[in-house]
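In the text below, chain A, chain B and the rest are named by the order of the sequence lines, each starting its count at 1.
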Number of protein chains: 2
Amino acid sequence: MKILPEKTVERLSQYRRTLNNYVAEYGKSRIYSHELAALLNITAVQVRRDIMFIGYTSVQRKGYNIKDLIQVIGNIIDSPDSINVAVVGYGNLGKAITTYFAGNRPKLKLVAAFDIDPKKVGSEVNNVKCYSIERMREIVALNDISIAILTVPTHAAAEMAKVLIQTGIKGILNFTTVNLHVPSNIYLEEYDMITSLEKVAYFVKHRPLG
Amino acid sequence: MKILPEKTVERLSQYRRTLNNYVAEYGKSRIYSHELAALLNITAVQVRRDIMFIGYTSVQRKGYNIKDLIQVIGNIIDSPDSINVAVVGYGNLGKAITTYFAGNRPKLKLVAAFDIDPKKVGSEVNNVKCYSIERMREIVALNDISIAILTVPTHAAAEMAKVLIQTGIKGILNFTTVNLHVPSNIYLEEYDMITSLEKVAYFVKHRPLG
DNA sequence: ATCTTTTTGTTATAAAAATAACAATATTGA
DNA sequence: TCAATATTGTTATTTTTATAACAAAAAGAT
């Protein structure tokens with residue numbers, strides 16, 4: 001299949017989670033595009049267009065079969081084989097992410113954490129165990145980890161990214177406020193809390209009231 | 001001034017932080033567009049265009065005066081009066097954000113935290129004190145808090161957002177995985193870690209190698 | 001049975017964002 | 001002094017994303 005637009009991938013992830021919650025809460029088996037849209041504060045057209053992208057079709061006028069749709073989304077955005085993930089930096093943020101991550105994501109598994117602090121090594125949150133940085137290469141290889149979530153302090157970020165890339169990781173989700181530089185075969189996603197907050201501040205002040 | 005594109009606002013926030021770090025590290029006073037671009041993994045045109053948006057001009061061929069540029073960015077994205085922010089939910093994530101927030105942001109102040117857990121009430125991280133939810137209305141009014149960072153557990157998110165809006169908050173940065181619904185005069189920014197991670201997973205698998 | 005309504009799927013259009021192209025100008029060096 | 005070069009500022013173009021418009025089909029109403 002052709003590669004999907006970035007924004008569509010983001011929304012598909014959200015559709016899936018929203019649909020799972022919706023089933024759990026209301027027990028319905030079908031949903032209209034405008035209903036799903038309302039749950040996400042977007043438009044029904046947007047939903048239908050995204051669903052068109054992944055090639056799922058329902059019977060007209062009956063809404064989408066939720067179970068099927070969840071499955072099709074999974075076939076598209078999940079990889080066939082499970083992907084293993086590690087958290088690097090096991091402070092408050094690393095632990096928070098581990099907690100957020102709990103839940104049934106059959107194709108995406110948080111399998112290890114790393115920290116330089118000997119006091120943290122050996123600790124566990126949600127069955128995710130913390131190893132020393134020295135053992136990173138070994139543990140990454142052993143568990144076939146391909147994505148790292150980087151939550152170390154600012155001063156350690158660049159060096160840690162370098163080490164991670166040496167271990168053979170393929171993607172980094174960067175929570176630090178440092179601008180990382182990675183080879184072009186590594187997928188880098190920046191996740192910048194301060195920028196998000198400054199953006200909220202700007203639009204709270206400047207946005208036309210509506 | 002005309003309202004800026006969303007992406008430009010995001011980058012301006014990043015330019016400012018990057019420039020501050022750059023000055024601290026290298027002590028230079030000027031920077032070329034392509035140098036700033038390289039630090040952020042974007043193009044020089046992008047930088048120049050954003051700088052054009054905010055109306056700053058340098059002398060051609062000499063690069064930008066860093067100190068001036070930082071100041072102009074501040075004039076644009078900061079509000080003239082300081083904006084006060086609260087963290088709602090003082091678990092691992094709330095505390096992590098408080099730590100990230102430390103640093104000199106003269107116009108954006110994290111002034112309070114709230115939590116329902118009596119054990120957390122009264123605790124402090126980085127001089128940010130935690131109050132009980134019951135005192136929210138009072139503390140928000142007293143400190144003129146206009147933005148809330150929502151980091152409570154999933155099941156509490158919707159109700160907490162409702163209460164926050166009643167207290168008169170104007171913007172919410174939502175870290176929970178719940179789809180919130182807010183009146184149109186409230187600026188809502190979603191910050192979804194799981195979606196970001198699923199996106200990395202998708203592009204690690206599907207992106208053309210480059 | 002036929003008309004009306006509702007909802008999907010798709011094509012067409014618009015808006016936002018990024019990139020390219022290039023004129024203008026300062027600097028360097030012959 | 002004058003040509004070559006480097007860099008900014010801006011307009012033009014392309015790409016990406018979102019919205020609008022609407023045909024097709026199912027369901028219900030008359």
Side-chain angles (χ1 to χ4, degrees), chain A residues 1-15 19 28-66 68-69 72-73 76 184 190 195 199 202-203 206-208 210, chain B residues 1-15 19 28-66 68-69 72-73 76 189-190 195 199 202-203 206-208 210:
Chain A
M1 164 173 284
K2 202 178 159 338
I3 199 165
L4 296 172
E6 194 167 322
K7 297 289 176 189
T8 296
V9 174
E10 285 180 18
R11 281 188 300 265
L12 287 172
S13 160
Q14 288 163 0
Y15 295 159
L19 290 170
K28 295 213 187 145
S29 66
R30 307 190 75 88
I31 192 169
Y32 294 127
S33 60
H34 66 264
E35 291 174 324
L36 180 52
L39 292 171
L40 286 136
N41 304 311
I42 60 176
T43 66
V45 192
Q46 183 87 82
V47 169
R48 295 205 301 274
R49 211 140 189 300
D50 287 334
I51 289 176
M52 192 186 95
F53 270 124
I54 62 175
Y56 177 72
T57 56
S58 95
V59 179
Q60 249 167 357
R61 236 191 102 108
K62 292 190 73 175
Y64 300 101
N65 180 307
I66 298 179
D68 290 356
L69 184 51
V72 174
I73 291 174
I76 299 287
S184 65
E190 300 282 349
T195 287
K199 186 173 149 192
Y202 177 83
F203 284 108
H206 295 85
R207 189 177 65 130
Chain B
M1 163 174 285
K2 203 177 159 337
I3 200 165
L4 297 172
E6 194 166 324
K7 296 291 176 187
T8 295
V9 173
E10 284 180 18
R11 282 188 301 265
L12 287 172
S13 159
Q14 287 163 0
Y15 295 160
L19 290 170
K28 294 212 187 146
S29 67
R30 307 191 73 89
I31 192 169
Y32 294 127
S33 60
H34 66 261
E35 290 174 324
L36 181 51
L39 292 171
L40 285 135
N41 303 310
I42 60 176
T43 67
V45 193
Q46 184 87 81
V47 169
R48 297 205 300 276
R49 212 140 190 301
D50 287 333
I51 289 175
M52 194 187 93
F53 270 124
I54 62 175
Y56 177 72
T57 56
S58 96
V59 178
Q60 247 166 0
R61 237 191 103 108
K62 292 192 73 174
Y64 300 102
N65 179 307
I66 298 178
D68 290 355
L69 185 50
V72 173
I73 292 175
I76 299 286
E189 172 83 9
E190 300 281 349
T195 288
K199 186 174 150 193
Y202 177 82
F203 284 107
H206 294 85
R207 190 176 63 130

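- Rounded to an integer number of Å, the gap from CZ of R11(A) to P of dT16(D) is 15 Å.
- Contact between K199(A) and E189(B) at its shortest, heavy atoms only, is NZ-OE2, 3.2 Å.
- Distances shorter than 4.0 Å separate some side-chain N or O of S33(A) from OP1 or OP2 on dT8(C).
- With the nearest nucleotide of DNA chain C identified for both E6(B) and H34(A), H34(A) has the one nearer the 5' end.
- Among the atoms of the strands shown, none is found under 4.0 Å from any heavy atom of T8(B).
- A sub-4.0 Å separation between OP1 or OP2 of dT8(C) and a side-chain N or O of S58(A) is absent.
- Atom NZ of K7(B) and atom P of dA15(C) are 19 Å apart (whole Å).
- For dT19(C), neither phosphate oxygen OP1 nor OP2 lies less than 4.0 angstrom from any side-chain nitrogen or oxygen of R48(B).
- Atom OH in Y32(B) sits about 8 Å away from atom C1' in dA6(D), given to the nearest Å.
- For the side-chain contact (heavy atoms from CB on, under 4.5 Å) with I31(A), the qualifying choice from L39(A), V47(A), N65(A) is L39(A), the only one to do so.
- Interface remark: the R49(A) side chain does form a donor-acceptor pair with the dT19(D) base, using a distance-only criterion of under 3.5 Å.
- Distance M52(B) CE to dA12(D) P: 12 Å, rounded to the nearest Å.
- Side-chain N or O atoms of Y15(B) include none that pairs as donor or acceptor with a backbone N or O of I73(B) at under 3.5 Å.
- Spacing between atom CG of L40(B) and atom C1' of dA18(C) amounts to 15 Å, rounded to whole angstrom units.
- The interatomic distance linking I3(A) (CD1) with dT16(D) (P) rounds to 11 Å, in whole Å.
- Taking side-chain N and O atoms only, Q46(A) has a distance below 4.0 Å to OP1 or OP2 of dT19(D).
- Contact annotation for R30(B): no contact, since no heavy-atom pair falls under 4.0 Å across all strands.
- One can place CG of N65(B) at 17 Å from C1' of dA26(C), the figure rounded to the nearest angstrom.
- At least one donor-acceptor pair closer than 3.5 Å links the side chain of E35(B) to the backbone N or O of Y32(B).
- Residue L12(B) is tested with I51(B), L69(B), V72(B), I54(B) for a side-chain contact (heavy atoms from CB on, under 4.5 Å); the sole match is I54(B).
- Considering only the side chain of V45(A), dT19(D) comes nearest among dA17(C), dT19(D), dA18(C).
- Going from atom CG of L69(B) over to atom P of dT7(D) covers 17 Å, rounded to whole Å.
- Counting distance only, with no hydrogens placed and no angle test, the side-chain atoms of R61(A) and the base atoms of dT8(C) include no donor-acceptor pair under 3.5 Å.
- A residue-by-residue look at I51(B) and D50(A) shows that I51(B) has its nearest nucleotide of DNA chain D further toward the 5' end.
- Under 4.0 angstrom from either OP1 or OP2 of dG9(C) there lies at least one side-chain N or O belonging to Y64(A).
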